[in-house]
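First the structure, in the form of structure tokens, and then the observations on it.
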Amino acid sequence: MAKLSEEDKLLRIKIAKRLKKLRSESGNIQSKFATDNEMDRQLLNSWENINNDRGMTIYSINRICKIINITLKDFFDDPIFKEE
């Protein structure tokens, strides 16, 4: 697997932070959010971990968006993605 560029690493971190923020705003801890939505808690944890080398696929991001009732545009239309 090719190494991520610094720009890609920054995007991965921003996605992880956005996911964690949205999940937290839902009022659920990781384990409850995962259980309620039939997903693996360890996978959710790895997606939220900014030190993880693996990011989420667009399909996984879309699944989370559907769970919390937002669009992909809403997910990425956040100030965190405008920061340098």
Side-chain angles (χ1 to χ4, degrees):
M1 185 159 126
K3 286 192 169 200
L4 294 177
S5 69
E6 290 304 313
E7 182 179 14
D8 289 340
K9 288 178 186 178
L10 183 59
L11 178 59
R12 181 185 42 76
I13 290 168
K14 289 177 179 183
I15 289 170
K17 287 180 177 180
R18 177 74 167 136
L19 172 62
K20 185 173 185 175
K21 179 182 175 198
L22 289 168
R23 194 250 323 138
S24 295
E25 288 174 351
S26 77
N28 289 317
I29 59 172
Q30 275 184 354
S31 58
K32 179 159 177 36
F33 187 87
T35 301
D36 288 353
N37 296 292
E38 299 178 356
M39 63 177 52
D40 183 73
R41 187 203 56 80
Q42 290 177 323
L43 182 59
L44 180 59
N45 181 288
S46 72
W47 288 339
E48 290 185 5
N49 183 347
I50 62 171
N51 297 315
N52 185 9
D53 286 338
R54 295 187 52 179
M56 296 178 72
T57 66
I58 194 69
Y59 307 107
S60 296
I61 296 169
N62 191 49
R63 178 177 178 208
I64 296 293
C65 288
K66 287 180 179 182
I67 289 168
I68 58 176
N69 202 29
I70 65 171
T71 65
L72 279 170
K73 181 181 183 312
D74 294 333
F75 184 92
F76 288 105
D77 194 24
D78 184 82
I80 196 169
F81 296 106
K82 294 171 179 55
E83 298 171 358
E84 288 298 316

Open item on the list: Same cluster or not: Trp47 versus Ile50, using hydrophobic residues (I, L, V, M, F, W, Y) connected whenever any side-chain heavy atoms lie under 4.5 Å apart?
Closed with: no
TODO: Treat each ILVMFWY residue as a node, draw an edge where side-chain heavy atoms are under 4.5 Å apart, and state whether Leu72 and Leu22 are in one component.
DONE: yes
- [ ] Mind checking the CG-CD1 spacing from Asp8 to Ile13? Nearest 0.5 Å is all I need.
- [x] 11.0 Å
- [ ] Could you check if a side-chain atom of Asp78 sits within less than 4.5 angstrom of a side-chain atom of Lys21, using non-hydrogen atoms only?
- [x] yes
TODO: Scan side-chain atoms only and decide if Ser46 and Asn49 contain a donor-acceptor pair under the 3.5 Å cut-off.
DONE: no
- [ ] Can you establish whether the number of heavy atoms outside Lys82 located under 6.0 Å from its atom NZ is more than 12?
- [x] yes
- [ ] Determine whether Leu19 and Phe81 fall in the same hydrophobic cluster, where Ile, Leu, Val, Met, Phe, Trp and Tyr are linked whenever their side-chain heavy atoms lie under 4.5 Å apart.
- [x] yes
Open item on the list: Tell me the closest heavy-atom pair linking Met39 and Ile64, and the distance in Å.
Closed with: CE-CD1, 3.5 Å
Task: Arg41 CZ to Leu44 CG distance, which is reported to the nearest 0.5 Å - done: 8.5 Å
Task: Between CZ on residue Arg18 and CG on residue Leu11, distance to nearest 0.5 Å - done: 13.0 Å
Open item on the list: I need the Ser24 OG to Gln30 CD distance, nearest 0.5 Å.
Closed with: 8.5 Å
Open item on the list: Quick check: closest heavy atoms across Asn37 and Arg63, and the distance to 0.1 Å?
Closed with: O-NH2, 2.8 Å
Open item on the list: Is there a continuous path of hydrophobic side-chain contacts, each under 4.5 Å between heavy atoms, that joins Ile58 to Ile67?
Closed with: yes
Task: Within one Ile-Leu-Val-Met-Phe-Trp-Tyr cluster: Phe76 and Leu10, side-chain cutoff 4.5 Å - done: no
TODO: Take atom CD of Glu25 as the centre, draw a 6.0 Å sphere, and report whether it contains more than 12 heavy atoms from other residues, nucleotides or ligands.
DONE: yes
- [ ] To the nearest 0.5 angstrom, please state how far the CD1 atom of Ile61 sits from the NZ atom of Lys66.
- [x] 13.5 Å
Task: Greater than 12 external heavy atoms within 6.0 Å of Asp40's CG - done: yes
Task: More than 12 heavy atoms from other groups under 6.0 Å of NZ on Lys14 - done: yes
